[in-house]
Every structure is written in structure tokens, then in C-alpha cells.
Amino acid sequence: MTRSTTPPMRGKHSSAKCSPSRSAAKVNPVSVKPNKPLLSKALHPRNAHLQGYDFATLILAMPALAAFVRPNPYGNPSIDFADPKAVKSLNAALLLSEYHINGWDIPEGYLCPPVPGRVDYLHYIADLLAVKGKVVKGASIRGLDIGTGANGIYPLLGIQTYGWQFVASDIDPVSIDNVAKIAQQNEKITAHLQLRLQPQPEHIFKNIIAADERFDVTLCNPPFHRSLAEASEGSLRKVKNLAKNQQQKHGQQSRTLAVSQAKPTLNFGGQKAELWCDGGEQKFLANMIKQSRDYANQVLWFTSLVSKSDNLKPCYQLLKQLNAVEVKTIEMTQGNKATRILAWSFLTPAIRQQWATLRP
């Protein structure tokens with residue numbers, strides 16, 4: 001078995017796909033030491049949002065956004081990012097203008113993801129799946145999004161940006177139905193996306209990955225908090241941090257933030273499955289890693305976002321116990337927020353190289 005010894009550089013990941021034999025994951029292991037993370041201080045070079053938002057173009061694409069746009073203290077157009085309606089309108093405009101996604105919407109109270117950060121995950125995954133430094137586009141790549149949410153952001157962006165195929169799963173029927181409604185308004189997405197409801201919340205891959213299926217990559221943005229109370233506290237911290245930031249920069253804060261500090265749970269949307277689970281992110285990651293071993297020969301790369309860096313060490317230890325062949329950590333930074341992608345594979349380098357030659 002091999003191990004990763006170099007930092008995860010942008011565009012430098014090289015791996016590939018095959019129909020590996022069932023003995024592939026039984027090679028005698030060696031110590032798997034994860035590569036040293038490389039911290040990027042900006043969005044991925046291929047990210048369309050490196051220069052910020054062009055509000056004039058966005059308003060042309062979606063005139064309704066104009067109601068939320070006003071000059072910031074520097075005279076530049078912006079929105080109140082503490083206002084859920086404004087953020088949702090911005091997302092819908094971005095997805096329509098930049099990614100040609102029609103009819104994007106989410107039910108009230110569901111998680112509204114920041115588009116630049118979410119598409120960054122996909123760009124780094126594209127680097128991970130690159131063959132000889134060349135990013136692979138088209139339907140030969142199959143991705144599985146675990147817990148797609150009502151926003152369906154990863155499959156939507158992955159299909160429109162790279163032309164990949166996706167299966168998107170969730171334990172919440174409302175989320176699955178909402179993503180289906182979005183897909184129905186977009187012909188290409190409909191052709192490239194399958195939606196699957198997970199009937200047993202304790203399972204992550206079982207009931208979703210069929211016996212004869214193979215995926216190039218799995219993606220996940222796991223629930224962060226351990227309880228509803230902890231999630232509510234997290235929302236309040238976000239509100240206070242936004243208020244403090246606005247006060248320091250501009251000497252004032254928005255009316256929305258003033259209301260939010262009194263009712264934090266009404267802002268920074270998200271349902272139970274999106275925000276919290278028993279044991280929080282650490283337990284969810286542990287369950288995912290353990291369950292991934294049963295699908296070692298059916299997935300080229302398993303990946304997940306890891307919000308809390310302290311959760312990496314127990315993941316590394318567990319992956320070593322389960323004889324993962326290679327583990328990568330890809331650090332990302334969007335603004336003041338640092339996060340990272342944990343990626344692991346149970347397949348040898350030789351089999352990963354063969355994988356690409358057998359893609360349809």
C-alpha cells in the first residue's frame with residue numbers, strides 16, 4: 001500500500017478508475033500518515049467568484065434581487081447578509097446568472113448555502129479526480145452527495161460546472177422533493193441527477209449504493225452540532241460576530257441583525273438533519289468512515305468536509321485501523337472561514353489508475 005506524502009496542491013491531484021476485484025482492498029497495509037495540509041488563502045483559481053459579486057449583472061438576470069441591494073458604507077453595492085431573504089435572493093441570482101440553473105428555491109427554514117464556498121469543494125474534487133493533471137469533465141464521472149439538503153447545491157453545481165452525473169441522497173423527504181422540483185425546471189440536471197431517499201437514518205451508504213454501482217467520489221457536508229440547543233447557540237454566535245464585524249467596519253449594524261440577536265433561531269436556516277445529529281460532526285464522520293469500508297471497492301474516493309480541525313485526528317486514527325490506502329487533507333479558506341476536505345481511498349494506486357481507463 002502507498003501513502004500520501006505530498007501536500008494537496010491545486011490541480012496536482014492525479015488518480016483514476018476501474019472495476020477493481022473484490023480482493024483489492026485486502027492488500028497488506030502499511031502505516032497511513034495523512035499528508036500535511038496546504039492552506040490556501042483565497043478561493044480556488046477556477047472559482048467564478050474570485051472577484052466578488054457583479055450586482056449589476058446579477059440584477060439583470062434576476063430583477064427581484066434589486067430590492068435587497070443597497071450601497072455599503074464604502075459606496076459599493078451589497079446586501080444585508082444577516083437577512084435570510086436577501087441571501088436566498090442572491091443565491092438564486094448567482095445560480096441563474098453564472099450556472100444557468102432555473103427556479104432555484106428552498107422552503108422556509110432550510111439551509112441556504114454560500115455558493116462560492118460550495119463550488120470551491122467541487123473544484124478541489126475535480127483536482128482530486130484529475131488524470132495526469134487534466135480535469136475530467138462529462139458524464140463519465142459519477143458523484144454521490146450524502147445529505148443533499150433542500151438546496152441540492154453540490155449536484156446542481158457539479159452538473160452545471162463539470163457535466164458530471166450525480167446521485168443525491170437525504171433522510172428528509174421534503175428536501176428530496178424540493179430538489180426534484182428544481183431539477184424539473186432544468187433539462188440537463190434532470191438528465192444527470194438521481195434522487196434517493198434514505199429510509200434508515202443510521203445508514204449512510206446502505207440503501208443508497210446498489211450492489212452493482214460504482215462512484216468516482218462521494219461528497220458530504222456533515223451536520224456540525226450535537227443538539228438543537230448547540231445549533232441555536234451557534235446561530236447566536238454567528239449573529240453576534242456579524243454585528244461586531246459591522247460595528248467595527250461601519251459604526252452601525254443592520255436592523256435585521258438587531259432582530260436576529262433577539263431571535264437567533266429564525267436566522268441562518270437549517271433543519272435538524274442539516275445542522276445537528278447525535279454526537280455532532282465527529283460521530284457522524286466516524287460512522288461514515290466505518291461504513292465506507294463496506295463499499296471499499298465501489299468508490300474511488302470518499303470525501304467529506306470537516307469544519308472542526310480537532311476532528312481530523314480521530315478520523316486519521318480510524319482510517320489507519322480500517323487499512324485505508326491513502327488519506328488526503330485539502331485545506332480551504334473562504335473569507336475568514338477555514339475548513340477542509342478529508343479524502344480517503346481503500347484502493348491501491350495501480351487500481352486507481354486503472355479506474356480511469358474503464359470509465360465509459
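Note that the structure is a prediction, hence the values are computed from the model and not measured. Residue indices begin at 1 and follow the sequence shown.
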Whether Asp83 side chain and Ile79 backbone form a donor-acceptor pair below 3.5 Å:
no

Considering non-hydrogen atoms only, spot the tightest contact between Phe55 and Pro77 and give its length.
CE1-O, 3.3 Å

Distance check, rounded to the nearest 0.5 Å: Arg214 atom CZ versus Gln298 atom CD?
6.0 Å

Can you find a pair of side-chain heavy atoms, one from Asp127 and one from Arg46, that are under 4.5 Å apart?
yes

For Ile189 and Leu156, work out which heavy atoms get closest and say how close.
CD1-CD2, 3.6 Å

Taken to the nearest 0.5 Å, the spacing of Ile330 CD1 from Ile125 CD1 works out to 6.0 Å

Tell me, with the steps shown, if Tyr316 and Thr329 meet side chain to side chain donor-acceptor pair (under 3.5 Å).
CA-CA 10 Å; Tyr316 296 153; Thr329 305; 2.6 Å; yes

Starting at CZ of Phe346, measure out to OG of Ser292 and round the result to the nearest 0.5 Å.
3.5 Å

Determine whether a donor-acceptor pair (N or O, by modelled atom type, separation under 3.5 Å) exists between the side chain of Thr161 and the backbone of Leu157.
yes

Working note: Val217 + Leu300, criterion side-chain contact (heavy atoms from CB on, under 4.5 Å); need CA distance, chi angles, decisive distance, verdict.
CA-CA 6 Å; Val217 67; Leu300 179 61; over 6 Å; no

Within a 6.0 Å radius of atom CD on Glu202, are there more than 12 heavy atoms belonging to other residues, nucleotides or ligands?
yes

Is Glu187 atom CD crowded by more than 12 heavy atoms from other residues, nucleotides or ligands, each under 6.0 Å away?
no

Supply the atom-to-atom distance Gln317 CD to Leu312 CG, rounded to the nearest 0.5 angstrom.
11.0 Å

Could you tell me if Thr148 and Asp145 have a donor-acceptor pair between their side chains, going purely by distance under 3.5 Å?
yes

Could you go through the salt bridge (Lys or Arg N to Asp or Glu O under 4.0 Å) check for Arg359 and Asp216 one step at a time?
CA-CA 10 Å; Arg359 284 187 181 125; Asp216 295 272; 2.9 Å; yes

Which value, rounded to the nearest 0.5 Å, describes the distance between Leu122 atom CG and Asn47 atom CG?
10.0 Å

Just checking, is any N or O donor in the side chain of Tyr110 or Asp172 under 3.5 Å from an acceptor N or O on the other one?
yes

Determine whether Leu319 and Ile289 make a side-chain contact, defined as any pair of heavy atoms from C-beta on separated by less than 4.5 Å.
yes

Carefully, step by step, assess Leu195 and Leu193 under the rule side-chain contact (heavy atoms from CB on, under 4.5 Å).
CA-CA 7 Å; Leu195 296 167; Leu193 177 63; 4.0 Å; yes

Side-chain contact test, heavy atoms from C-beta onward, threshold under 4.5 Å: evaluate it for Lys320 versus Val327 and give yes or no.
no

Group every Ile, Leu, Val, Met, Phe, Trp and Tyr by side-chain heavy-atom contacts under 4.5 Å, then state whether Leu96 and Leu65 land in the same group.
no

Is any side-chain heavy atom of Ser78 closer than 4.5 Å to a side-chain heavy atom of Arg70?
yes

Shortest non-hydrogen contact from Cys220 to Phe284?
SG-CE2, 3.6 Å

Just by distance, do the side chain of Thr357 and the backbone of Gln354 share a donor-acceptor pair under 3.5 Å?
yes

Any Ile351 side-chain heavy atom under 4.5 Å of Val325 side chain:
no

Indicate whether the side chain of Gln198 and that of Asp170 have a donor and an acceptor atom separated by less than 3.5 Å.
no

Quick one: does any side-chain atom of Trp104 pair with a main-chain N or O of Asn151 as donor and acceptor, under 3.5 Å?
yes

Would a distance-only check, ignoring hydrogens and angles, find a side-chain to backbone donor-acceptor pair under 3.5 Å from Trp164 to Pro155?
no

Which heavy atom of Ile176 sits nearest to which heavy atom of Ser169, and what is that distance?
CD1-C, 4.2 Å

My understanding is that only residues two or more places apart in sequence, or in another chain, count here; which of them pass side chain to side chain contact (heavy atoms under 4.5 Å, CB included) with Asn76?
Asn72, Tyr74

Could you check if a side-chain atom of Phe68 sits within less than 4.5 angstrom of a side-chain atom of Lys85, using non-hydrogen atoms only?
yes

Hey, does the side chain of Glu213 reach the backbone of Ala210 with a donor-acceptor pair shorter than 3.5 angstrom?
yes

Mind checking whether Ser304 and Leu219 have side chains closer than 4.5 Å, heavy atoms only?
no

What are the two closest heavy atoms between Gly133 and Ala130, and how far apart are they?
C-CB, 4.1 Å

Would you sort out whether Phe205 and Phe302 count as a ring pair (Phe, Tyr, Trp, His ring centres under 6.0 Å), showing the intermediate values?
CA-CA 11 Å; Phe205 303 109; Phe302 297 92; 5.5 Å; yes

Hey, is the main chain of Asp105 close enough, under 3.5 Å, to the side chain of Asn178 for a donor-acceptor pair?
yes

Look at the side chain of Arg196 and the backbone N and O of Val167, then say whether any donor-acceptor pair between them is shorter than 3.5 Å.
no

Is a side-chain donor-acceptor pair under 3.5 Å present for Arg293 with Gln291?
no

To the closest 0.5 Å, what do you measure between NZ (Lys188) and CD (Gln160)?
5.0 Å

Are the aromatic ring centres of His123 and Tyr162 under 6.0 angstrom apart?
yes

Does any non-hydrogen side-chain atom of Phe166 lie less than 4.5 Å from one of Leu144?
no

Is the backbone N or O of Ala93 less than 3.5 Å from a side-chain atom of Ser97, with the two atoms forming a donor-acceptor pair by type?
no

Does the side-chain contact (heavy atoms from CB on, under 4.5 Å) test come out yes or no for Leu305 and Arg340, once each step is laid out?
CA-CA 6 Å; Leu305 288 179; Arg340 68 281 309 155; over 6 Å; no

Stepwise side-chain contact (heavy atoms from CB on, under 4.5 Å) check, Leu342 with Thr303
CA-CA 5 Å; Leu342 177 66; Thr303 77; over 6 Å; no

Is a donor on one side and an acceptor on the other found under 3.5 Å between the side chain of Glu281 and the backbone of Ser307?
yes

For residues Tyr124 and His44, establish whether the separation of their ring centroids is below 6.0 Å.
yes

Can you get from Met62 to Leu60 by hopping between Ile, Leu, Val, Met, Phe, Trp and Tyr side chains that sit under 4.5 Å apart?
no

Stepwise ring pair (Phe, Tyr, Trp, His ring centres under 6.0 Å) check, His49 with Tyr99
CA-CA 12 Å; His49 312 291; Tyr99 302 98; 5.8 Å; yes

Specify the closest pair of heavy atoms between Ala343 and Leu128, including all atoms of both residues, with the distance to one decimal.
CB-CD2, 4.0 Å

